[in-house]
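Indexing begins at 1, ligand by ligand and atom by atom, following the structure's order. Model, not experiment: these values are computed from the prediction.
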Amino acid sequence: MNIKVLAFLISTAVLATGAAAPVKMTMKQLAENVYFMENPTGSSNAAFVITNDGVLVFDFDIRTADQTLAAIRKLTDKKIKYIISSHSAGDHATGAWHFREDKPIYIATKNQIHDLQMQEAREFDERKESNDPNNAAYKGKELVRPDIGFDGNMTLYFGGLTFQITAEGRGHSTGDLTVYVPQKRVMFMGDLLDTEIHPGQGESAGVFYSNVKGWIQILDNISARNLPVDTYVPGHGPVHLGRGVKDLEEQKRYFVVMRDEVAKMIAAGKTLEQIEKEFKVPQEFVHYKRPERLKNFYKLFYNQLMETGY
Ligand SMILES: [Zn+2]
């Protein structure tokens with residue numbers, strides 16, 4: 001997902017400057033040995049945890065995972081032992097190739113693996129063969145497939161830490177997983193949480209699949225666990241250190257409020273085309289970045305309210 005938007009942003013940069021400047025990820029420490037790699041353009045973030053026995057990486061975009069690797073190499077000589085992708089979208093699950101030297105074990109949900117084998121593998125190959133400079137990061141690379149697929153939830157005991165990996169169901173994508181590390185009071189949310197930006201419609205090789213009702217339900221499910229979490233780590237947008245469950249509440253409120261605005265327009269007899277043109281973002285969300293992402297969401301709110309598809 002969002003590869004197209006990023007491609008658009010980069011192509012705009014190309015027009016403006018004559019060359020696409022590579023996105024520089026910003027590293028932030030979230031807790032002892034827990035690090036966040038923020039994509040300042042609002043595209044996908046990543047994270048990693050260093051343990052005595054090696055490193056675990058969460059999310060890897062082929063265009064930026066080399067920076068995650070470089071950050072890890074600067075901090076430790078420990079090998080990357082496990083990698084986990086939040087969902088199958090290209091901006092989260094394509095970059096495992098960069099870690100190949102360490103031969104990590106790649107864990108994903110079964111439906112992510114299905115998506116990777118089907119749509120994403122094809123899209124990866126198309127981008128690899130393309131001469132579009134926006135796809136330069138794909139040249140000579142391979143889409144690495146997961147080693148372990150699971151349904152439900154699993155626990156990984158690694159380096160003295162507990163990684164609770166939960167398949168949360170269908171929300172942003174056909175299946176989103178979270179990873180909770182109780183010893184570090186962090187939960188990696190993938191694209192179930194975006195901060196200070198309009199959330200993205202999940203997309204895998206041109207197939208759109210977000211489900212607002214499911215997304216709200218998942219946010220409720222996670223909040224209802226009342227976990228001791230200081231920081232929920234977003235898939236896109238800046239991390240809010242120590243803001244805890246307030247981030248989940250804001251994300252849920254966003255969907256409820258935005259959907260309600262669309263519902264009011266439907267009740268007033270507006271068509272989807274009119275909604276797309278006339279929608280006014282409520283005051284509390286006007287500061288959110290990446291408004292270009294809204295277009296797909298009007299359609300999503302509309303179609304899911306009317307039960308007419310995505
Ligand atoms: Zn994403």
Worksheet, complete the sentence: min-distance N/O/S atom, D91 vs the Zn ion (ligand 1), resolves to OD2
Worksheet item: To the nearest 0.5 Å, how far apart are CZ in F163 and CD1 in I84?
Response: 7.0 Å
Discussion item. If you apply the rule side chain to side chain contact (heavy atoms under 4.5 Å, CB included), what do you find for L193 with Q251, and how did you get there?
Written reply: CA-CA 7 Å; L193 176 67; Q251 183 72 91; 4.0 Å; yes
Discussion item. What is the name of the N/O/S atom of D191 that is nearest to the Zn ion (ligand 1)?
Written reply: OD2
Discussion item. I'd like to check the side-chain contact (heavy atoms from CB on, under 4.5 Å) partners of V256; sequence neighbours left out, ordered by chain and number.
Written reply: I216, K252
Worksheet entry | Atom nearest to the Zn ion (ligand 1) - H236, N, O or S atoms considered | NE2
Worksheet item: Of all N/O/S atoms in H92, which lies nearest to the Zn ion (ligand 1)?
Response: NE2
Worksheet item: Mind checking what makes salt bridge (Lys or Arg N to Asp or Glu O under 4.0 Å) contact with K270, not counting sequence neighbours?
Response: E278
